[in-house]
Amino acid sequence: MSEFGVRLRWADLPERVHDWAEQVLGARVVRADSQPTGFSPGSADRVETADGRRAFVKAVSSGQNPDSPGLHRREVAVLRSLSHDGLAVAPALLGAYDDGTWAALLTEEVDGRHPQAPWSTAELAATLDALGEIAGHRAPRPGPTSPPSWRASSAAGHASTRTRRSTSTPG
């Protein structure tokens, strides 16, 4: 997959986003591996904490693109909806952050990679299986693109313990 744009890296994020992620994870982040490809100008980082916990963080501000924070907010709503309905096609949402400028989400880390180009038969089959699983799921109603009334929250009450198929990739 070719690179579509330049992403921010974990080190580029403001301290308040780092502090939030570390609070949700319960320990200091000691390693961050930025994922270089994707469609968003925001960061996409696999992180590891001092106690060995691993997670995936995506964050973006309206400074990179005024529409991107709204896409992150929508992703949070969809992940919560999938978890609520017991569908195991996405990583568990661990937390969401929104301060009006920065929007971020924190999920469990999923072992995976980007699909080959062109996609292999196995990758296509796994994707079609996941899409088939969610086909009957009613998507959450579109929410506002402005920040919700909460400024930063943990999604612990909404997180699923299910895991996504190992052929899937976060990001």
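Source: prediction; values computed, not measured.
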So CG of D129 and CD1 of I134: to nearest 0.5 Å the spacing works out to 12.0 Å

When rounded to the nearest 0.5 Å, the distance separating CD of Q35 from CZ of R46 is 4.5 Å

Hits for salt bridge (charged side-chain N to carboxylate O under 4.0 Å, His left out) against D33, two or more places apart or cross-chain, chain-then-number order -> R31

query = Would you call the rings of W20 and Y97 parallel, tilted or perpendicular, where under 30° means parallel and over 60° means perpendicular?
reply = tilted

All heavy atoms of P41 vs all of S68, minimum pair found to be CD-OG, 3.6 Å

For P91 and L79 the tightest heavy-atom approach is O-CD2, 3.8 Å

Is the backbone N or O of W10 less than 3.5 Å from a side-chain atom of D45, with the two atoms forming a donor-acceptor pair by type? yes

Between A96 and R80, the two heavy atoms sitting closest are CB-NH2, 3.9 Å

Heavy-atom nearest pair, A55 first then L106, reads CB-CD1, 3.7 Å

**Request:** Keeping the roles fixed (side chain from R73, backbone from A103), state whether a donor-acceptor pair exists under 3.5 Å.
**Result:** no

key: 4.5 Å side-chain heavy-atom contact, Q64 and D12   = no

Tightest non-hydrogen contact, residues L82 and A90, listed as CD1-CB, 4.0 Å

Tightest non-hydrogen contact, residues V24 and L94, listed as CG1-O, 3.6 Å

- Task: Would you indicate whether the side-chain heavy atoms of L71 and E75 approach each other to under 4.5 Å?
- Result: no

Give a yes or no on this: more than 12 heavy atoms of other residues, nucleotides or ligands lie within 6.0 Å of atom CZ of R9.
-> no

message: Quick check against the 3.5 Å criterion: does R7 have a side-chain atom that pairs as donor or acceptor with the backbone of G42?
response: yes

side-chain contact (heavy atoms from CB on, under 4.5 Å) with V57: of L25, L105, V47, T107, only one passes, and it is V47

Those residues at least two apart in sequence (or on a different chain) that pass salt bridge (charged side-chain N to carboxylate O under 4.0 Å, His left out) with R28 are none

**Request:** Would you check if the side chain of E108 reaches a backbone N or O of A92 as a donor-acceptor pair within less than 3.5 Å?
**Result:** yes

* So, the side chain of T127 versus the backbone of E123: is there a donor-acceptor pair under 3.5 Å, distance only? -> yes

Heavy atoms, side chains only, cut-off 4.5 Å: are V76 and L93 in contact? yes

Note, W102 side chain near P14 side chain (heavy atom, < 4.5 Å): yes

Applied to residues 15-27, the salt bridge (Lys or Arg N to Asp or Glu O under 4.0 Å) test, sequence neighbours excluded, yields R16-D99

*asked:* Membership question, hydrophobic clusters at under 4.5 Å side-chain separation (ILVMFWY): are V60 and L13 in the same one?
replied: no

